[in-house]
Amino acid sequence: MPGSGLSVASPRTAPRSTAIEVAATVRDLQPYQAVSSLELIHQRPDQVPFKLDWNEATIPPSPRVIEAITAFLGNAHHLNWYPVLNSTNLIERLARFHGVPGERLLITNGSDQALDTVCTTYLNPGDRVLVPSPTYTHFLVFAQTRGAEIVPFYGPDPFEPAFDGLLEAATRLRPRLLYLVNPNNPTGVSYTRDQVATLLAAVPETLVIVDEAYSEFAGVTCIDLLQTYSNLVITRTFSKAYGMAGLRIGYALAAPDVIRDMRRIFNPKSVNVLAQIGAMAALDDQAYLRGYLDEVERSKALLGEWLTARGLVHHVTPANYVMIRFERAPWVVRMLQEQGIYVRDRSSQPRLEGYVRFTVGTLDQTRQILERLGEVLDRLEVVAPE
Ligand SMILES: *Cc1c(COP(=O)(O)O)cnc(C)c1O
């Protein structure tokens with residue numbers, strides 16, 4: 001798919017060091033370009049890092065998470081035994097929390113595993129997967145591994161919803177899956193609950209995945225639509241607002257039959273025991289979550305004002321990140337990195353030329369970041385690099 005920015009096949013040039021060939025569905029895949037700043041951060045122990053490149057929370061999880069895990073580790077046997085199968089302990093808590101029956105829940109090793117499981121369960125080679133784009137590209141690898149055909153959908157403006165166009169594309173293509181990140185990463189584009197309902201009603205044979213990784217920040221969810229629509233899968237995660245990305249835990253909500261289908265291939269041991277314990281404790285501390293959401297909200301307001309005053313093109317999203325366009329994005333990213341600020345250049349994604357994504361954290365962190373960003377921009381105006 002030239003120009004689409006999706007993974008494309010590149011001819012293999014270097015001789016392989018093994019005679020073993022990979023599966024046909026994998027042969028043409030480019031690995032997901034996972035660029036993490038962790039290594040750079042570890043190289044600079046002298047610096048307080050601002051890790052703003054992966055939309056993780058910028059503060060640790062609730063102290064109750066640490067306490068619960070520490071107490072759990074007090075029993076010497078707790079690591080040599082397998083975890084609670086299928087995380088039924090956490091299912092019970094989440095069922096109460098969301099007000100849904102447990103048979104609608106699948107707990108997974110990060111929400112990425114939920115996405116992967118949907119793809120493995122439902123995709124045949126050649127099936128079409130409609131993907132409002134640009135979006136979270138890791139999903140594409142899961143779908144492509146099943147031999148599916150990715151059909152990206154682009155609206156006229158990457159930062160505006162294009163509901164009518166999306167509805168038209170979905171009804172015309174009748175895809176097997178539709179992958180909607182809501183609010184979208186990295187653009188922040190959001191569709192309302194009513195729009196999602198219209199979409200679900202229009203394509204009853206399409207399984208619509210609504211990825212709600214940032215739902216807590218946006219305060220919007222489609223969970224209540226599960227009662228009406230059996231072609232809806234919602235994925236959620238503890239990696240973002242709850243600050244537990246390192247523990248790897250997320251979940252899917254869907255019709256009981258969909259959950260049962262996914263369990264056919266799902267490994268009931270795949271969620272580790274510390275993640276289960278941590279997630280239950282995190283759910284119990286909603287005050288801590290609300291405190292963080294409030295900080296992020298106030299930081300976004302400050303960022304918006306500051307960026308407007310500086311005359312920078314930017315988009316403050318309903319999630320925990322902002323997109324900012326720079327004249328020389330790679331240079332700005334490099335200069336910020338020298339100051340210990342790690343952000344994500346999204347220029348390589350189609351229609352996002354010059355855009356850099358900044359994860360938003362606490363107000364205090366945001367003030368420090370803006371001070372350094374201001375200095376970098378002042379230098380950008382003086383020197384004319386490259
Ligand atoms: C971060 C992110 C995820 C990954 O979540 P994990 O639960 O850590 O696997 C999934 N979807 C989107 C859109 C994300 O931005």
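Remember, it's 1-based here, ligands and their atoms both numbered in the order they're listed.
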(request) Please write down residue, atom name and distance for the protein heavy atom closest to atom 15 (O) of ligand 1. (result) Tyr214 OH, 2.6 Å
(message) To check your reading of the model: name the closest protein heavy atom to atom 5 (O) of ligand 1, its residue, and the distance in Å.
(response) Ser111 OG, 3.1 Å
(request) Could you tell me whether Arg104 and Asp257 have a side-chain N and a carboxylate O separated by less than 4.0 Å? (result) no
(message) Show the atoms of ligand 1 that are less than 4.0 angstrom away from any heavy atom in Arg248.
(response) 6 (P), 8 (O), 9 (O)
(message) Within the 4.0 Å heavy-atom shell around Val181, which atoms of ligand 1 are there?
(response) 13 (C)
(message) At less than 4.0 angstrom from any non-hydrogen atom of Ala213, what atoms of ligand 1 do you find?
(response) 11 (N), 12 (C), 14 (C)
(message) Could you tell me if Tyr355 and His315 have a donor-acceptor pair between their side chains, going purely by distance under 3.5 Å?
(response) yes
(message) Given Leu90, which partner from the list Val84, Ile277, Ile249 fulfils the side chain to side chain contact (heavy atoms under 4.5 Å, CB included) test?
(response) Ile249
(request) Number the atoms of ligand 1 from 1 as they appear, then name those within less than 4.0 Å of a heavy atom of Ser239, with their elements. (result) 6 (P), 7 (O), 8 (O)
(message) Using a plain distance cutoff, I'd like to know if Lys240 has any nitrogen or oxygen under 3.5 Å from a nitrogen or oxygen of ligand 1.
(response) yes
(message) How far is atom 11 (N) of ligand 1 from the closest protein heavy atom, and which atom is that?
(response) Asp211 OD2, 2.7 Å
(message) Any salt bridge linking Arg367 with Asp364? Criterion: basic side-chain nitrogen under 4.0 Å from a carboxylate oxygen.
(response) no
(request) Evaluate the criterion salt bridge (charged side-chain N to carboxylate O under 4.0 Å, His left out) for residue pair Arg357 and Asp345; output intermediate values, then yes/no. (result) CA-CA 6 Å; Arg357 190 187 65 198; Asp345 192 344; over 6 Å; no
(request) State if Gly250 counts as touching ligand 1 under the rule of any non-hydrogen atom under 4.0 Å. (result) no
(message) When you measure from the centre of the six-membered ring of Tyr122, is the NZ or CZ of Arg176 closer than 6.0 Å and no more than 45° off the axis?
(response) no
(request) Compute both the distance and the angle, then confirm whether Lys51 meets the cation-pi test with Tyr342: under 6.0 Å from the six-membered ring centre, within 45 degrees of the axis. (result) no
(message) Please report whether ligand 1 has a polar contact with Tyr136, defined as an N or O pair separated by less than 3.5 Å (distance criterion only).
(response) no
